[in-house]
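Note sheet for the following structure.
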Amino acid sequence: MQRPTLAPLYYLTNFHRALGWISERYGDLLGDQEQAFIAAFQQLPLPSQALLVRLVMRKGPLFLASKLHYPEIGCIRSAAAPLTSVGWLDTKPELSLPQLFQLLTRADLAQALPAGPAGQRKDAWLAELSPQYPEPRPLAAWHPTTSDTVYAMQVTPICERLRLMFFGNLHQDWSEFVLTDLGVFQYEKVPFSPHSRAFQHRQEIDDYLHLHDCRQRLHQGTAITELLDAIPSQPYGNPWLESRRARLLFQLAQQSEADDAATALAIYQRSSHPGARARQVRLLERQQQYTTAYALATAAQQQPESDAELQQLARMLPRLARRLGQAKPAPAPALPAPEQWLELPRPESGQAVELAVRDHLHRIDAPVHYVENTLLNGLFGLLFWPALYAPLPGAFFHPFQAAPADLYRPDFQQRRAAICAQCFAELDSGSYRETLRQRYQEKAGLQCPFIHWPWLTPDLLEQALAAIPPQHLKLLFQRMLADLQANRTGLPDLIQFQAGHPGYRMIEVKGPGDKLQDNQKRWLAYCLAHDLPISVCYVRWQAGSEADTP
DNA sequence: ACGTATAATCAAGGC
DNA sequence: GTGGGTACCG
DNA sequence: GCCTTGATTATACGGTACCCAC
Ligand SMILES: [Mn+2]
Ligand SMILES: [Mn+2]
């Protein structure tokens with residue numbers, strides 16, 4: 001593929017585009033600090049602007065002047081000077097010993113510090129010296145003979161905030177621009193109004209940043225109690241932020257489960273994250289508070305948050321009932337799934353069991369494909385493309401989105417009811433086949449969370465269109481749409497296309513020691529209830545086909 | 001909605 | 001030297 | 001049988017420069 005050649009300062013151009021974008025849409029949500037930053041940035045000499053952007057895109061926050069080489073910028077020190085005078089770079093930061101170790105190479109450190117035993121690891125050396133050097137110092141104090149300079153980035157918080165405002169998340173970064181220009185990422189072009197933006201209130205941005213900070217501290221091992229104090233005790237009004245708060249609480253509770261079950265319980269109670277209630281029941285059970293556990297479980301059963309929760313409750317309730325001496329509830333009926341047992345020679349090369357079964361079942365007139373979730377997700381993405389990329393207010397707000405912002409919100413389908421109905425109607429009329437072929441041609445390569453293009457080959461698509469009855473597709477898609485997040489996984493490993501009716505069958509492969517997962521059981525139950533051809537294939541290895549692993 | 005996560009799978013141990 | 005992990009690049 | 005835990009794999013842009021540890 002031919003890559004367009006880029007202007008030397010392409011990244012600066014991109015950053016200007018971003019700043020302009022933000023200024024246009026967020027004028028009312030920018031604080032004095034951010035406004036001043038944007039204004040002052042434009043006043044800087046170009047090499048200084050370029051250097052700042054380079055550093056913003058790097059890890060930092062500390063950089064050695066001698067390690068910065070940018071031909072398009074030229075002299076780093078002259079480019080840096082204006083940045084230090086506005087206070088965006090600090091040239092004399094106090095460095096802790098660990099920071100010094102991160103910044104300098106082994107060889108450089110050896111000139112500044114007493115050497116340890118030969119061949120000592122860098123981290124051991126640091127550990128050994130740490131007690132002797134508790135105080136931070138400027139580089140010149142650590143290493144008097146060096147002529148090097150350290151630059152410490154001072155504007156990370158502002159730049160992070162701007163990035164968040166642009167993308168509506170913090171996992172995308174400014175390289176999206178160049179990667180898209182190069183065609184590495186291709187996004188569907190969705191029209192949206194010039195005032196579309198990820199946030200409507202400054203408080204939402206603050207809240208997002210605050211939660212993000214708490215999450216990072218959780219990951220760094222900050223004490224749970226400290227974080228609990230930091231996280232708002234009341235739900236956010238914004239459902240999107242509230243789900244993030246709930247998830248953070250859930251993770252907090254998870255962390256506390258091991259050493260403080262009571263705290264964990266209390267935190268789960270405050271979280272509306274999926275599964276939080278089931279964890280409460282489980283923890284209560286573990287604490288032998290069977291009455292409370294049973295009460296919560298039965299209440300949950302009356303108003304389950306999901307099939308997944310019902311599934312968990314159905315396992316816990318009989319145990320709890322037994323503990324409480326209640327009448328033994330009827331055992332859950334086993335899934336009446338067709339089963340098949342195979343005894344196969346263990347593949348030479350440690351080949352996956354799914355592939356072994358695929359090859360065993362494969363017939364010239366009944367080909368088998370190892371597809372897992374990719375086939376159905378792919379077909380779904382193709383058919384519902386107009387719904388996924390419908391220009392609804394608030395769904396799209398920058399050009400680098402692979403999906404609408406509300407994809408996994410419960411009202412996704414509801415908000416697009418008419419379009420979804422049209423997509424379903426194509427299954428009834430039969431026009432979907434031509435639509436999907438066309439759409440595959442048209443959209444191949446574009447980022448879409450449901451389509452892994454390399455797996456969904458034209459050949460596989462054709463076979464699926466020929467074999468799977470549209471009414472079956474309809475049933476499968478209906479379940480997906482009911483919960484796009486939960487129901488995009490758990491689909492069977494293999495699909496076999498065959499003559500006659502229904503024209504295909506789905507097969508979940510289970511090797512020795514493997515069991516059906518919850519999400520697989522849910523798909524299994526759904527397919528059985530709707531007469532969709534599904535089965536489970538259990539595999540044993542032939543004795544002597546290969547020595548067991550010790 | 002990529003907290004370098006979910007996925008799925010395998011293995012082992014506890015009740 | 002080599003291999004592995006990380007950061008950076010476009 | 002159920003539940004947990006941890007390990008382990010793959011993918012997610014692909015290539016390269018650099019540093020470190022062995
Ligand atoms: Mn599988
Ligand atoms: Mn399987």
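Proteins come first, then strands; the chains are lettered A, B, ... in the order of their sequence lines, and each starts at number 1. Since the structure is predicted, the reported quantities are computational estimates derived from the model, not experimental observations.
Closest approach to the A:H171 side chain among B:dA8, B:dC2, C:dG10 is made by B:dC2 (side chain taken as heavy atoms from C-beta onward). Of the candidates C:dG10, D:dT4, D:dA21, the closest approach to any side-chain atom of A:Y10 belongs to C:dG10. The side chain of A:K510 has B:dT9 as its nearest neighbour among B:dA1, B:dT9, B:dG3. Residue A:K67 places its side chain closer to D:dC19 than to any other of B:dG3, D:dC19, B:dT9. Taking every side-chain heavy atom of A:Q520 into account, B:dT9 is the closest of C:dC9, C:dC8, B:dT9. Nearest to the side chain of A:R121, among B:dT9, D:dC22, C:dA7, sits D:dC22. The listed nucleotides are B:dA8, C:dG10, D:dC20; the one nearest the side chain of A:S175 is C:dG10. Closest approach to the A:D514 side chain among B:dC10, C:dG10, B:dA1 is made by B:dC10 (side chain taken as heavy atoms from C-beta onward). Of the candidates B:dA8, D:dT4, B:dA1, B:dA8 carries the atom nearest the A:N519 side chain, counting heavy atoms from C-beta on. Residue A:L179 places its side chain closer to D:dC13 than to any other of D:dC13, B:dT9, D:dC20.
Distance, A:K122 NZ to D:dC20 P: 4 Å, rounded to whole Å. Per the geometry, CG belonging to A:L516 stands 12 Å off P belonging to B:dA8, to the nearest Å. Nucleotide B:dT6 holds its P atom 11 Å from the OH atom of A:Y408, rounded to whole Å. Distance A:Q216 CD to B:dA5 C1': 15 Å, rounded to the nearest Å. One can place NZ of A:K515 at 13 Å from P of B:dA12, the figure rounded to the nearest angstrom. Atom-to-atom, CZ of A:F185 to C1' of B:dC2 comes out at 10 Å; the value is rounded to the nearest Å. Between the CG atom of A:N373 and the P atom of D:dT11 there is a distance of 14 Å, rounded to whole Å. A straight line from OH of A:Y370 to C1' of B:dA7 spans 11 Å, rounded to a whole angstrom.
In this structure, the separation between CG on A:L320 and OH on A:Y294 is 8.5 Å, given to the nearest 0.5 Å.
Sequence order on DNA chain D of the closest nucleotides to A:E285 and A:G119 puts A:E285 first from the 5' end.
With a glycosidic angle no further than 90° from 0, B:dC2 counts as syn. Regarding the sugar-base torsion, C:dG3 falls in the anti class, its angle being beyond 90° of 0.
In this structure, A:E226 pairs ionically with A:R217, as a charged nitrogen and a carboxylate oxygen lie closer than 4.0 Å. A salt bridge is absent between A:D411 and A:R409: the closest approach of a Lys/Arg side-chain nitrogen to an acidic carboxylate oxygen does not fall below 4.0 angstrom.
Of the nucleotides present, D:dG1 is the one that pairs with B:dC15 by Watson-Crick or G-U wobble criteria, both distances under 3.5 Å. Shown here, B:dG3 forms no base pair; nothing in the strands shown gives a Watson-Crick or G-U wobble contact with both key distances under 3.5 Å.
The base of B:dG3 lies close enough to the side chain of A:R247 for a donor and an acceptor atom to sit less than 3.5 Å apart. Donor-acceptor pairing under 3.5 Å, judged by distance alone, is absent between the side chain of A:R58 and the base of C:dA7.
A side-chain donor from one of A:W385 and A:E188 sits under 3.5 Å from a side-chain acceptor of the other.
Nucleic acid contact for A:R323: none, since no nucleic acid atom lies under 4.0 Å from a heavy atom of the residue.
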Item to check | Worked check of side-chain contact (heavy atoms from CB on, under 4.5 Å) between A:E508 and A:K510 | outcome: CA-CA 7 Å; A:E508 171 56 37; A:K510 286 295 156 195; 3.2 Å; yes

